[in-house]
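Reading through the structure tokens given below for one structure.
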Amino acid sequence: MPKRSSKDVPGQGNAKKPKPSGHWAMGLLNTMKDPKYIVKTDDLVTVIKDVYPKAKFHFLVIPKEDISNLKAVTSKHLDLLKHMEKVGGEIAGENKGSNFKIGYHAEPSMIRLHLHVISDDMDSVCLKNKKHWNSFTTDFFVKSEEVIKSLEDNGKVVLPSKEECKKFMETPLKCHKCSVIPKNMPDLKKHILTHLEK
DNA sequence: GTTCTAGAAC
DNA sequence: GTTCTAGAAC
């Protein structure tokens, strides 16, 4: 039996309703139109800077086609996903001196498929809590190449379950570059500075 | 996604 | 008393 949510509206069957355009989950669609954040575009994608970057460099490659998330991705999108990864690799290549990770969040908060292209320093004032950290340093972060492989092998994108995602987010803090276990977020943020190039 | 803040942790 | 985390936001 499905759990009843406080958002359920009696007598309306609780069909999926589109979110109002002012809702925070629609934020990416607005940012895509803001020249201040647009890095580049082509026929298929828009590349923007993340409004709240979680590292020194943090870009998002977003398809112009209205694809809400990975669950809506099918084999017909294979070429698009390959193109997104290629564009992401190009953006990364334009910022030599940093190593990049290119992938998707298993359970994104924002509407519209978006590929993260993020430098691995994780040094940013916007990275504030455990959820931020674990969303990029555990398997909650699914590499683009794995998403593409999954689509090729299975005809759809196989993702971690809701329970697995919850476990990823509850993973104790750990440095992504060494074996250090920080005691809390401020400690972790200080520690990662020791891995920066001098 | 972020902001705010109560109460836990120190 | 201050720092830090984690859950609500109508």
Side-chain angles (χ1 to χ4, degrees), chain A residues 3-12 14-39 45-64 66-73 84 88 101-119 121-142 144 147 159-160 162-176 180-193:
Chain A
K3 271 188 293 186
R4 190 166 291 280
S5 153
S6 61
K7 288 172 187 159
D8 289 357
V9 179
Q12 295 190 10
N14 302 314
K16 293 267 184 189
K17 296 179 286 293
K19 299 199 189 312
S21 62
H23 193 278
W24 58 262
M26 308 286 287
L28 285 184
L29 280 65
N30 298 320
T31 308
M32 280 175 78
K33 299 177 203 156
D34 188 341
K36 186 177 161 195
Y37 291 102
I38 297 173
V39 175
V45 301
T46 301
V47 182
I48 62 171
K49 288 188 277 191
D50 194 298
V51 177
Y52 296 93
K54 303 303 188 296
K56 288 184 186 296
F57 300 99
H58 188 180
F59 306 100
L60 301 175
V61 182
I62 309 173
K64 289 183 172 175
D66 185 13
I67 304 168
S68 65
N69 55 48
L70 286 175
K71 290 176 187 168
V73 166
M84 289 170 66
K101 295 196 283 193
I102 300 180
Y104 301 86
H105 280 158
E107 278 184 347
S109 299
M110 310 281 272
I111 297 295
R112 184 60 66 88
L113 185 66
H114 53 284
L115 176 64
H116 292 271
V117 180
I118 184 167
S119 56
D121 49 83
M122 308 310 287
D123 177 25
S124 167
V125 292
C126 296
L127 197 158
K128 296 180 175 178
N129 58 45
K130 187 181 205 174
K131 183 171 179 177
H132 291 154
W133 183 261
N134 283 339
S135 75
F136 290 101
T137 62
T138 69
D139 286 341
F140 187 88
F141 187 85
V142 187
S144 174
V147 167
L159 293 166
K162 191 185 292 185
E163 290 71 26
E164 286 173 308
C165 286
K166 192 178 174 212
K167 278 186 182 172
F168 292 144
M169 291 319 232
E170 290 170 353
T171 304
L173 296 176
K174 181 193 169 302
C175 178
H176 61 319
V180 162
I181 308 291
K183 68 174 188 291
N184 55 31
M185 278 304 297
D187 194 24
L188 172 58
K189 287 182 68 67
K190 264 181 264 172
H191 169 75
I192 60 174
L193 299 179

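Residue numbers start from 1 in every chain, and the chains themselves are labelled A, B, ... in the order their sequence lines are given, proteins ahead of strands. Keep in mind that this is a model prediction, so the values were computed, not measured.
Partners of A:Asn30 under the side-chain contact (heavy atoms from CB on, under 4.5 Å) rule, at least two apart in sequence or in another chain, are A:Lys33. A:Glu170 is linked by a side-chain contact (heavy atoms from CB on, under 4.5 Å) to A:Lys166, counting only residues two or more places apart in sequence or in another chain. A:Lys130 is linked by a side-chain contact (heavy atoms from CB on, under 4.5 Å) to A:Asn134, A:Leu173, counting only residues two or more places apart in sequence or in another chain. With sequence neighbours left out, the side-chain contact (heavy atoms from CB on, under 4.5 Å) criterion links A:Lys174 to A:Ile181. Take A:Asp34 and apply the side-chain hydrogen bond (donor to acceptor under 3.5 Å, both in side chains) test, not counting sequence neighbours, and it matches no residue. For A:Thr31, there are no side-chain hydrogen bond (donor to acceptor under 3.5 Å, both in side chains) partners at least two apart in sequence or on another chain. For A:Ser144, the side-chain hydrogen bond (donor to acceptor under 3.5 Å, both in side chains) criterion is met by A:Glu85, not counting sequence neighbours. Residues that satisfy the ring pair (Phe, Tyr, Trp, His ring centres under 6.0 Å) test with A:Tyr37, not counting sequence neighbours, are absent from this structure.
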With a cut-off of 3.5 Å and sequence neighbours excluded, list every side-chain donor-acceptor pair involving residues 66-73 of chain A.
unit_1	atom_1	unit_2	atom_2	d
A:Asn69	OD1	A:Lys71	N	2.9
A:Asn69	OD1	A:Ala72	N	3.4

Readout for nucleotides 1-10 of chain B: B = base within 4.0 Å of protein heavy atom, S = sugar-phosphate only, - = neither; 5' to 3' it is BSS-------
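Listed in residue order, the members of residues 167-176 of chain A having a heavy atom less than 4.0 Å from DNA chain B come to none.
The cationic atom of A:Lys54 (NZ for Lys, CZ for Arg) does not lie both less than 6.0 Å from the six-membered ring centre of A:Phe136 and within 45° of the ring axis.
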5'-to-3' dot-bracket of DNA chain C (Watson-Crick, G-U; under 3.5 angstrom; crossing pairs as [ ]; | other strand): |||||||||.
